[in-house]
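Notes follow once the structure below has been shown.
The chains referred to below are lettered A, B, ... by the order of the sequence lines, with proteins before strands, and numbering in each begins at 1.
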Amino acid sequence: MPRKMKEDALEGSYADKLIDAAVDIRMNPEAVERSYMARQLVQCTLPHSDPGNLMRWSRTNGHLTLAIRPYVDEHNKALYPYGSIPRLLLFWLVTEATQKKSRHIRLGNSLDGFMREIGLNPRTGGGKRGDAARLHSQMERLFRAIITFEDRREWSKSYVDMQIAPKGTLWWDPAKSHQDNLWESWVELGEEFFAAITAAPVPIDMRALRALKRSPLALDLYAWLTHTAFSATRKRESRIIPWEGLHGQMGAEYAQLRDFKIKVNMALKKIQLVYPTLKLETTGAALIVHPSPTAIASKS
DNA sequence: TCGAGAAAATGATGCTCCTT
DNA sequence: AAGGAGCATCATTTTCTCGA
């Protein structure tokens with residue numbers, strides 16, 4: 001095998017898994033593993049990597065701003081949720097809240113099972129870099145962060161400050177992680193957060209998430225595209241999104257807009273594999289989303 | 001600005017060793 | 001002996017830098 005084409009996003013061993021998922025999604029569209037994401041969280045997204053010791057982190061999309069005040073530990077260190085794990089957690093939380101219609105969320109019967117449900121791999125070893133350790137840390141970072149949605153208009157500003165899960169019990173005894181019933185972890189979603197996420201959930205396919213979970217950017221884009229394509233279809237007109245807007249909304253850490261464009265284009269190739277009906281077009285100035293059949297058939 | 005590419009960070013994998 | 005935690009290492013993604 002010649003080792004060329006590093007620039008081709010669809011080369012390499014990771015591509016095999018992506019293609020497996022793509023084939024499954026094309027061949028078995030009815031086997032959709034329905035999951036949901038909240039509209040506000042689709043329009044503004046979490047950090048990709050650790051923002052460090054900042055007081056506040058934010059992203060803006062037009063008049064809508066998502067700001068995060070991190071959970072601060074006993075050493076005054078700011079702990080932000082970042083990367084793909086909190087995204088997977090959010091997809092799962094929104095799905096549970098939407099389906100069970102309850103603020104009280106049980107995190108499955110065992111740690112192993114829970115990890116599998118949100119799309120992680122419990123057999124990924126221990127250590128600092130294993131999924132279990134990272135999940136533990138990101139759960140606390142996510143649940144205890146203060147999230148603010150701000151809607152700023154010319155003469156008004158409406159806002160809601162909320163903690164995702166102000167109450168909860170998280171069991172973390174690795175020795176008992178595989179035993180059912182001994183793992184009684186639960187969280188109670190904040191009233192405002194629950195209201196926000198269940199008001200307008202966007203349906204997505206969990207299989208696609210698992211295939212894209214290496215890249216926070218691809219996860220964000222997938223959820224956003226699903227929502228945008230749906231809205232384009234409903235209004236029967238294409239949505240044109242300038243790169244600048246998309247950049248502020250989901251990639252503000254990319255210091256260079258051009259870096260962002262390149263990465264988005266690579267991510268789009270992957271997303272089109274797992275979302276075959278999506279109709280897109282890119283130009284030098286903008287990304288154009290045409291009305292497309294949704295990835296997920298509507299329930300009703 | 002643009003392209004190339006290195007560096008740093010995150011994510012995945014597979015092995016060893018320890019506990020049970 | 002089985003299974004999981006810890007570790008080393010590899011792969012991919014994200015961020016930064018440099019020179020035209």
field: Closest to the P216(A) side chain, choosing from dT10(B), dC16(C), dT14(C)
entry: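 Nearest to the side-chain atoms of P216(A), counting from C-beta on, is dT14(C).
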statement: With the side chain defined as heavy atoms from C-beta on, D131(A) is closest, among dT15(C), dT10(B), dA12(B), to dA12(B)
Residue list, side chain to side chain contact (heavy atoms under 4.5 Å, CB included) with T283(A), at least two apart or on another chain: A285(A), A286(A), I288(A)
Quickly work out the [X] [atom1] to [N] [atom2] distance and round it to whole Å.
X: H136(A); N: dG6(C); atom1: NE2; atom2: P; answer: 13 Å
X: F260(A); N: dC2(B); atom1: CZ; atom2: P; answer: 16 Å
X: L219(A); N: dT12(C); atom1: CG; atom2: P; answer: 17 Å
X: K270(A); N: dT14(C); atom1: NZ; atom2: C1'; answer: 12 Å
X: I262(A); N: dT1(B); atom1: CD1; atom2: C1'; answer: 12 Å
X: D259(A); N: dA7(B); atom1: CG; atom2: C1'; answer: 13 Å
X: Q138(A); N: dA9(B); atom1: CD; atom2: C1'; answer: 13 Å

- prompt: What bend angle does the helix from dT1(B)-dA20(C) to dT20(B)-dA1(C) show across its length, from five-pair end axes and to the nearest 10 degrees?
  reply: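 The two end axes of the helix from dT1(B)-dA20(C) to dT20(B)-dA1(C) meet at 20°.
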Look at [X] and [N] and indicate whether a side-chain polar atom (N or O) is within less than 4.0 Å of OP1 or OP2.
X: S49(A); N: dT15(C); answer: yes
X: K213(A); N: dT12(C); answer: no
X: S215(A); N: dT12(C); answer: no
X: R214(A); N: dT14(C); answer: no

task: Would you please classify the geometry between the W92(A) ring and the F114(A) ring as parallel, tilted or perpendicular, with 30° and 60° separating the classes?
output: perpendicular
message: I'd like to check L90(A) versus M37(A) (side-chain heavy atoms, cut-off strictly below 4.5 Å). Are they in contact?
response: yes
- request: Please round to the nearest 0.5 Å and tell me the distance separating atom CD1 of I105(A) and atom CH2 of W186(A).
  value: 11.5 Å
query: With distance as the sole test, does T198(A) use its side chain to make a donor-acceptor pair with the main-chain N or O of F194(A) at under 3.5 Å?
result: yes
- prompt: How close do P203(A) and R34(A) get, heavy atom to heavy atom, and via which atoms?
  reply: CB-NH1, 4.3 Å
- request: Over all heavy atoms of both residues, which pair between Y82(A) and Q138(A) is shortest? Give the atoms and the distance, please.
  value: N-OE1, 3.2 Å
